[in-house]
Amino acid sequence: REPDMEAPDENSSSKAKQLARDAKALGDQVVKEVGRVVVGMEQVTRKLMVALLGNGHVLLEGVPGVAKTTLSKAFARLLGCQYSRVQFT
C-alpha cells in the first residue's frame with residue numbers, strides 16, 4: 001500500500017511563491033549594494049550568496065588588483081557576516 005500523499009494546498013503554494021519573490025528581491029538588492037563598491041562583479045556576488053546560503057567556503061582566484069578583497073569585505077559588511085581571509089601563493 002502506498003502512503004497517502006496530500007496535494008499541496010493553494011495557500012502553501014502561494015506562500016512559497018511569495019518567499020521566492022522576496023528572496024529574489026533581497027538577492028537583487030545585495031547585488032545592487034555591492035555593485036556600488038565593486039563594479040562588474042554581479043555574477044561573483046551571486047555565487048557568494050549561494051555559498052553563504054549553502055554554508056560553504058569560497059576561493060576567489062585572480063590576478064592582483066581585480067578587487068577580490070574589496071568585493072568580499074563589502075559583501076560581508078553588507079550582510080553583517082564575519083570576514084576572514086587567508087592569502088597564499
Side-chain angles (χ1 to χ4, degrees):
R1 182 169 178 228
E2 293 184 28
D4 294 333
M5 301 213 34
E6 294 182 29
D9 63 359
E10 283 188 36
N11 192 27
S12 65
S13 176
S14 175
K15 287 180 182 178
K17 287 178 182 178
Q18 183 60 46
L19 181 61
R21 282 191 293 269
D22 292 346
K24 170 92 168 84
L26 180 61
D28 291 344
Q29 186 66 30
V30 169
V31 169
K32 179 181 173 185
E33 292 300 318
V34 170
R36 293 175 63 196
V37 177
V38 181
V39 177
M41 298 275 234
E42 293 83 11
Q43 290 298 326
V44 177
T45 303
R46 291 194 184 280
K47 290 178 181 180
L48 284 173
M49 286 190 293
V50 169
L52 177 69
L53 293 172
N55 199 26
H57 298 271
V58 175
L59 173 63
L60 295 175
E61 293 181 302
V63 298
V66 293
K68 299 177 297 289
T69 300
T70 304
L71 169 68
S72 56
K73 281 184 181 179
F75 183 82
R77 278 196 197 119
L78 177 67
L79 296 176
C81 298
Q82 180 182 355
Y83 173 82
S84 61
R85 174 178 181 244
V86 176
Q87 180 175 348
F88 62 94
T89 57

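Just so you know, residue 1 is the first one in the sequence shown, and it goes up from there. Just so we're clear, the structure is a prediction, and the values are computed from it rather than from any experiment.
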Tell me every residue that passes side-chain contact (heavy atoms from CB on, under 4.5 Å) with [X], counting only those two or more places apart in sequence or in another chain.
{"X": "Leu52", "value": "Phe75, Leu79, Cys81"}
{"X": "Val58", "value": "Leu48, Ala51, Leu60"}
{"X": "Leu78", "value": "Val30, Glu33, Val34"}
{"X": "Arg21", "value": "Lys17, Gln18"}

Which residues pass the salt bridge (charged side-chain N to carboxylate O under 4.0 Å, His left out) test with Arg85, sequence neighbours left out?
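Partners of Arg85 by the salt bridge (charged side-chain N to carboxylate O under 4.0 Å, His left out) criterion come out as none, since no residue qualifies.
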Fellow cluster residues of Val66, listed by chain then number, with links counted only when side-chain atoms sit under 4.5 Å apart:
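Joined to Val66, directly or through intermediates: Val63.
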Could you work out, with side-chain hydrogen bond (donor to acceptor under 3.5 Å, both in side chains) as the rule, every residue matching Glu42, not counting sequence neighbours?
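Expected list: none.
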Show every side-chain hydrogen bond (donor to acceptor under 3.5 Å, both in side chains) that has at least one partner inside residues 44-66, sequence neighbours left out.
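Of all non-adjacent pairs touching residues 44-66, those that pass side-chain hydrogen bond (donor to acceptor under 3.5 Å, both in side chains) are Asp28-Arg46.
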Any non-hydrogen side-chain atom of Val31 less than 4.5 Å from a side-chain atom of Met49?
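Yes; the side chains approach each other to less than 4.5 Å.
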